[in-house]
Trainee: 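The structure follows.
No hydrogens, no waters, no symmetry mates; every other heavy atom, side chains included, goes into these values.
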Amino acid sequence: MHETDRRAGRRRGATIIDVARVADVAVGTVSRYLNGETVRRSNREQIERAIQELGYRRNAAAASIRTDLTHMIGFLVPTFDEFHARMLEHLATSVRSTGRALLTYCHGGDPRVVAEALDFFAAQRVDALIMDGTAEVYDRVDDLIEHDVPIIFYNNDVRGLAADRVMVENHRASYRLISHLIDLGHTRIGMLTGDPRNSSGIERLAGYEQALRERGIVVDASLAVRGNWRMDGGYEATKRLMSLERPPTAIFSANYGMAVGALSWLKENGRHVPDDISLASFDDVAVFRLYEAGITAVAQPVAGIAEKITDILVERLTESSSGATHSIVLECDIILRGSTRRIT
């Protein structure tokens, strides 16, 4: 940690995350030390030096309030697709390193099941809840926050709630990828869009439209077809796009599931990527690397998202939770492969 960072930590009041960084140990290790659990002698000495250097003071009032912790963290997901399954894997590992367990509930996109899940988590007295946001249960989530259950949103936001957020640059990443397709000479670019109620779907579509407008390309509503994040939705949306009088020369999918649906339709109908049409996707998955041409994709930093969520989680459960909420946006990488070609 740089000296300026250390001075900044002192001015705002050092947190457990600052202590972990200076001590060069995991946040979970500091958490166990502060809770009186056994840690290796070398780590203990590093933590003690960091505490002294930073002038760290544990909030005794907050500690006394949180003596009834269950050490269970709720994780509410819409589906166990590739993205959410990877998120579960990384979160389970990082949360376990703090001495806590992840309790997972899948709602399948049904608002009634989401409400049931929130009731279940409340009954289990989870210490915090990590969730892909869904606006239909705004009031129920707000009630949990009022009862001092920290909420951390990822992937999709629910605006207006006093919750922490760890998101990715959905708008900018889509903008960058569409700009790349335009640089290759594509002016008719189709998009397979997600659910318009989801913040990620809204932002990815907005990035697509902004890139077109800034390059002087008229936004054609018939080229943005809703696929609802699903493989079958991507299949049907691709069918509609390719049935247009002037079909697109490139397709951008807002997630990998719809991209797989697009690939299925193209294969069934004898269309080759990239010879007949270019294809790119938000989300990078292993199968994209195995495809003969390789699929150009936006890679989300899943491990980084899980790490930031866990850092916030530990801070909320070991410090006073009355502080300002966190809103973190992580960058994505654009992985260029052979599925996009220049228009000649």
Side-chain angles (χ1 to χ4, degrees), residues 74-95 102-114 116-117 129-137 152-158 166-170 173-174 177 191-205 225-238 251-267 279-291 294-306 309 330 332-333 335 337 339:
F75 182 46
L76 182 58
V77 293
T79 181
F80 286 118
D81 61 12
E82 179 76 15
F83 171 73
H84 293 288
R86 288 168 59 211
M87 184 61 64
L88 171 60
E89 179 182 2
H90 286 287
L91 272 175
T93 300
S94 58
V95 167
L102 205 63
L103 190 60
T104 305
Y105 204 117
C106 180
H107 60 75
D110 187 336
R112 294 171 299 177
V113 180
V114 176
E116 292 171 3
L129 176 61
I130 303 163
M131 65 180 293
D132 182 315
T134 175
E136 289 87 352
V137 289
I152 306 174
F153 289 123
Y154 79 100
N155 196 49
N156 283 303
D157 194 5
V158 180
V166 181
M167 302 292 170
V168 300
E169 49 167 10
N170 289 295
S174 291
L177 189 47
M191 181 173 179
L192 312 181
T193 68
D195 190 327
R197 297 171 297 177
N198 297 152
S199 65
S200 58
I202 294 168
E203 291 165 6
R204 292 172 195 179
L205 176 60
V225 183
R226 183 171 166 180
N228 285 332
W229 308 122
R230 297 169 57 89
M231 188 182 304
D232 57 353
Y235 182 99
E236 292 299 326
T238 302
I251 293 176
F252 169 56
S253 175
N255 82 333
Y256 88 93
M258 293 186 295
V260 173
L263 285 168
S264 297
W265 188 92
L266 293 169
K267 182 177 181 180
L279 179 68
S281 176
F282 209 106
D283 288 336
D284 188 30
V285 295
V287 69
F288 285 173
R289 297 190 293 274
L290 299 176
Y291 187 78
I295 305 299
T296 291
V298 175
Q300 296 198 59
V302 178
I305 297 169
I309 289 174
L330 301 179
C332 297
D333 291 327
I335 310 298
R337 299 193 179 97
S339 64

Trainee: Would the distance check show the side chain of S281 and the main-chain N or O of A297 forming a donor-acceptor pair, the cut-off being under 3.5 Å?
Mentor: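 A pair under 3.5 Å: no.
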Trainee: Looking at D195 and N228, what are the two nearest heavy atoms and their distance?
Mentor: CA-OD1, 3.9 Å
Trainee: Regarding D284 and R337, does a basic nitrogen lie under 4.0 Å from an acidic carboxylate oxygen?
Mentor: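 Salt bridge: yes.
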Trainee: Shortest non-hydrogen contact from V298 to C332?
Mentor: CG1-CB, 3.6 Å
Trainee: Looking only at non-hydrogen atoms, find the nearest pair between F83 and Y256 and report the distance.
Mentor: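 Nearest heavy atoms, F83 then Y256: N-CE2, 4.1 Å.
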Trainee: Taking atom types as modelled and ignoring hydrogens, do the side chains of D81 and W229 form a donor-acceptor contact shorter than 3.5 angstrom?
Mentor: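 No donor-acceptor contact under 3.5 Å links the two side chains.
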Trainee: Would you compute the distance between atom CD1 of I295 and atom CG of D283 and round it to the nearest 0.5 angstrom?
Mentor: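 Result: 13.5 Å between the selected atoms.
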Trainee: Work out which heavy atom in A306 is nearest to a heavy atom in H90; give both atom names and the distance.
Mentor: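 Closest approach of A306 to H90, heavy atoms only: CB-CB, 3.6 Å.
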Trainee: I'd like to know if the side chain of D333 and the backbone of I335 have a donor-acceptor N/O pair within less than 3.5 Å.
Mentor: no
Trainee: Say you draw a straight line from CG of L88 to OG1 of T93; how long is it, rounded to the nearest 0.5 Å?
Mentor: 9.0 Å
Trainee: Run through E89, H84, R86 and flag the one making a side chain to side chain contact (heavy atoms under 4.5 Å, CB included) with V302.
Mentor: R86
Trainee: For the pair M131 and F75, evaluate side chain to side chain contact (heavy atoms under 4.5 Å, CB included) and give the outcome as yes or no after the intermediate values.
Mentor: CA-CA 6 Å; M131 65 180 293; F75 182 46; over 6 Å; no
Trainee: Atom CD in E236, atom CZ in R226: separation rounded to 0.5 Å?
Mentor: 14.5 Å
Trainee: If I take atom CG from residue L205 and atom CE from residue M191, how far apart are they, to the nearest 0.5 angstrom?
Mentor: 5.0 Å
Trainee: Considering non-hydrogen atoms only, spot the tightest contact between N155 and N170 and give its length.
Mentor: O-ND2, 4.4 Å
Trainee: Check whether the side chains of N156 and D132 place a donor and an acceptor atom closer than 3.5 Å, and report yes or no.
Mentor: yes
Trainee: Okay, side chain of D232, backbone of Y235: is any donor-acceptor separation there less than 3.5 Å?
Mentor: no
Trainee: Any chance you could measure M167, atom CE, to S200, atom OG, to the nearest 0.5 Å?
Mentor: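 It comes to 8.5 Å.
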Trainee: Please work out whether the ring planes of F282 and F252 are parallel, tilted or perpendicular, with thresholds of 30° and 60°.
Mentor: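 It falls in the tilted class, 30° to 60°.
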Trainee: Minimum heavy-atom separation for L102 to A92, with atom names?
Mentor: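 Of all heavy-atom pairs spanning L102 and A92, the closest is CD2-N, 3.8 Å.
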Trainee: Got a second to check how far M258's CE is from I251's CD1, nearest 0.5 Å?
Mentor: 11.0 Å
